[in-house]
Protein chains: 2
Amino acid sequence: MRPLFHPAPEDLQASAILHALADPNRAAIFANIMRAGCVEACASLATVGDRVIPKSSLSNHFKVLREAGLIRSERHGVEMRNHARWDEVEARFPGLLRSILNAYAGEGPRGEPPLPASDPD
Amino acid sequence: MRPLFHPAPEDLQASAILHALADPNRAAIFANIMRAGCVEACASLATVGDRVIPKSSLSNHFKVLREAGLIRSERHGVEMRNHARWDEVEARFPGLLRSILNAYAGEGPRGEPPLPASDPD
DNA sequence: TCCCATAGTTCGGAAGTTCGGAACTTCCGA
DNA sequence: TCGGAAGTTCCGAACTTCCGAACTATGGGA
């Protein structure tokens with residue numbers, strides 16, 4: 001297992017972030033991590049809505065989020081802890097994450113990911 | 001040539017918008033349309049930075065932007081006029097477009113699309 | 001009216017990406 | 001040392017993107 005790659009704050013790219021969050025599953029995962037106080041194991045997110053996501057897909061989703069700079073992952077024994085990198089992303093792209101998560105939340109009855117109503121700061 | 005499809009305001013989807021703007025070329029095209037006062041012919045955007053975009057790719061980029069609900073296209077004789085649907089998107093997803101365009105603009109010296117500094121409202 | 005130029009679209013193949021099952025690695029407890 | 005749990009890697013199938021070539025629609029002469 002190769003070491004986990006995390007981009008430096010100054011290397012965050014808008015296109016990577018948008019691409020990562022353009023997938024409703026990933027947006028839901030990210031919203032969950034936000035909501036859960038920035039710590040979460042992968043397997044605990046193995047369903048989004050009522051859909052089961054296979055482990056391999058999940059692993060890939062986390063990788064995309066991580067390499068976009070949206071989350072920081074650390075191995076803790078056999079588990080992975082995932083923190084949202086909200087402050088770093090916010091510092092570089094003010095308002096971006098909030099408006100994206102709000103957009104998904106505001107989509108209403110479309111089976112889209114829920115709003116992380118809490119304020120992450 | 002089939003008629004142009006434009007989603008209704010209530011059918012706008014966050015994931016489609018993010019996907020459309022996750023491509024730096026498309027984001028640059030959209031920023032150009034914003035900047036140019038909401039009217040623009042396709043061919044006038046055939047380069048982004050110093051890169052030439054083939055007609056077929058361009059046509060496809062416009063289609064993606066159109067079907068995401070970001071622009072409205074009308075045939076005027078042999079040309080196409082493209083308007084940004086800023087107000088409609090803004091009404092549904094407040095702050096989203098602004099923060100995305102700002103994110104790209106704030107990326108700085110990375111060859112990314114420029115900011116539409118004007119206020120579109 | 002016919003022909004040509006211009007502006008965009010569609011088609012189709014090559015290249016790349018995503019998805020997900022199976023096998024693998026790593027870590028921990030018994 | 002074994003077994004189970006949590007993730008990752010591998011790889012084929014399905015999907016998407018890119019772009020040149022062929023096509024369609026419109027307008028302007030002659």
Side-chain angles (χ1 to χ4, degrees), chain A residues 1-6 13 15-30 32-33 36 39-68 70-83, chain B residues 1-6 13 15-30 32-33 36 39-68 70-83:
Chain A
M1 292 198 193
R2 68 183 64 125
L4 302 171
F5 170 73
H6 296 91
Q13 295 201 38
S15 58
I17 290 176
L18 295 178
H19 172 253
L21 295 178
D23 182 308
N25 284 335
R26 279 194 295 262
I29 290 171
F30 183 66
N32 273 322
I33 292 176
V39 179
E40 201 68 27
C42 290
S44 62
L45 294 168
T47 61
V48 166
D50 48 0
R51 203 173 105 67
V52 174
I53 303 184
K55 277 203 309 181
S56 56
S57 305
L58 210 50
S59 179
N60 189 52
H61 287 324
F62 275 91
K63 182 177 164 207
V64 171
L65 291 170
R66 183 163 58 240
E67 299 193 346
L70 288 164
I71 62 174
R72 186 176 300 281
S73 307
E74 294 163 20
R75 281 189 235 280
H76 278 253
V78 77
E79 284 198 343
M80 203 75 142
R81 301 252 175 94
N82 297 286
H83 309 238
Chain B
M1 291 198 193
R2 69 185 64 125
L4 301 172
F5 170 72
H6 295 92
Q13 295 202 37
S15 58
I17 291 175
L18 296 179
H19 172 252
L21 295 179
D23 181 307
N25 285 335
R26 281 195 293 263
I29 290 170
F30 183 66
N32 272 322
I33 292 175
V39 179
E40 202 67 28
C42 289
S44 62
L45 294 170
T47 61
V48 166
D50 47 1
R51 202 173 106 67
V52 175
I53 303 183
K55 276 204 310 182
S56 56
S57 304
L58 211 49
S59 178
N60 190 52
H61 286 325
F62 275 90
K63 182 176 166 208
V64 171
L65 290 171
R66 183 164 58 239
E67 300 193 346
L70 288 165
I71 62 175
R72 186 177 299 282
S73 307
E74 295 163 18
R75 281 188 235 280
H76 277 254
V78 76
E79 284 197 343
M80 204 74 143
R81 301 251 176 96
N82 297 287
H83 309 237

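Below, chain A is the first sequence line, B the second, and so on; all start at residue 1.
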State which residues pass salt bridge (charged side-chain N to carboxylate O under 4.0 Å, His left out) with Arg75(A); sequence neighbours excluded, sorted by chain then number. none
For Glu67(B), side chain to side chain donor-acceptor pair (under 3.5 Å) partners two or more places apart: none
Can you give me the dot-bracket string for DNA chain C, 5' to 3', counting Watson-Crick and G-U wobble pairs with both distances under 3.5 Å, using [ ] for crossing pairs and | for partners on another strand? ||||||||||||||||||||||||||||||
Taking atom [atom2] of [N] as reference, at what distance in whole Å does atom [atom1] of [X] sit?
| X | N | atom1 | atom2 | result |
| --- | --- | --- | --- | --- |
| Ile53(A) | dG21(C) | CD1 | P | 12 Å |
| Leu58(B) | dA7(C) | CG | P | 12 Å |
| Phe62(A) | dG7(D) | CZ | C1' | 11 Å |
| Glu74(B) | dT26(D) | CD | C1' | 16 Å |
| Arg66(A) | dG7(D) | CZ | P | 11 Å |
| Lys63(B) | dC19(D) | NZ | P | 16 Å |
| Phe5(A) | dT9(D) | CZ | P | 14 Å |
| Leu4(B) | dG8(C) | CG | C1' | 10 Å |

Which nucleotide in the set [options] lies at the smallest distance from any side-chain heavy atom of [X]?
| X | options | answer |
| --- | --- | --- |
| Glu79(B) | dA7(C), dT8(D), dG20(C) | dA7(C) |
| Ser59(A) | dT9(D), dC19(C), dC19(D) | dT9(D) |
| Arg51(A) | dG7(D), dG20(C), dT9(C) | dG20(C) |

For the residue pair Ile71(B) and Asn82(B), what are the closest heavy atoms and their distance? CD1-OD1, 3.8 Å
Reading nucleotides 22-30 of chain C 5' to 3', which nucleotides get B (base under 4.0 Å from a protein heavy atom), which S (sugar-phosphate only), which -? B--B-SS--
Can you list the steps and then say if His6(B) with Ser73(B) is a side chain to side chain contact (heavy atoms under 4.5 Å, CB included)? CA-CA 8 Å; His6(B) 295 92; Ser73(B) 307; 4.1 Å; yes
Got a second to check how far Leu65(A)'s CG is from Ile29(A)'s CD1, nearest 0.5 Å? 6.5 Å
How long is the straight-line distance from CG of Leu21(B) back to CG of Leu18(A), given to the nearest 0.5 Å? 7.0 Å
Any residue meeting side chain to side chain contact (heavy atoms under 4.5 Å, CB included) with Asp23(A), in chain and number order, not counting sequence neighbours: Asn25(A), Arg26(A), His61(A)
Would you mind classifying the nucleic acid contact of Asn60(B) as base, sugar-phosphate or nothing, using non-hydrogen atoms under 4.0 angstrom? nothing
Counting C-beta onward and ignoring hydrogens, is there a side-chain heavy-atom pair between Phe62(A) and Leu4(A) closer than 4.5 Å? no
Keeping Asn60(A) on the side-chain end and Ser56(A) on the backbone end, is there a donor-acceptor pair under 3.5 Å? no
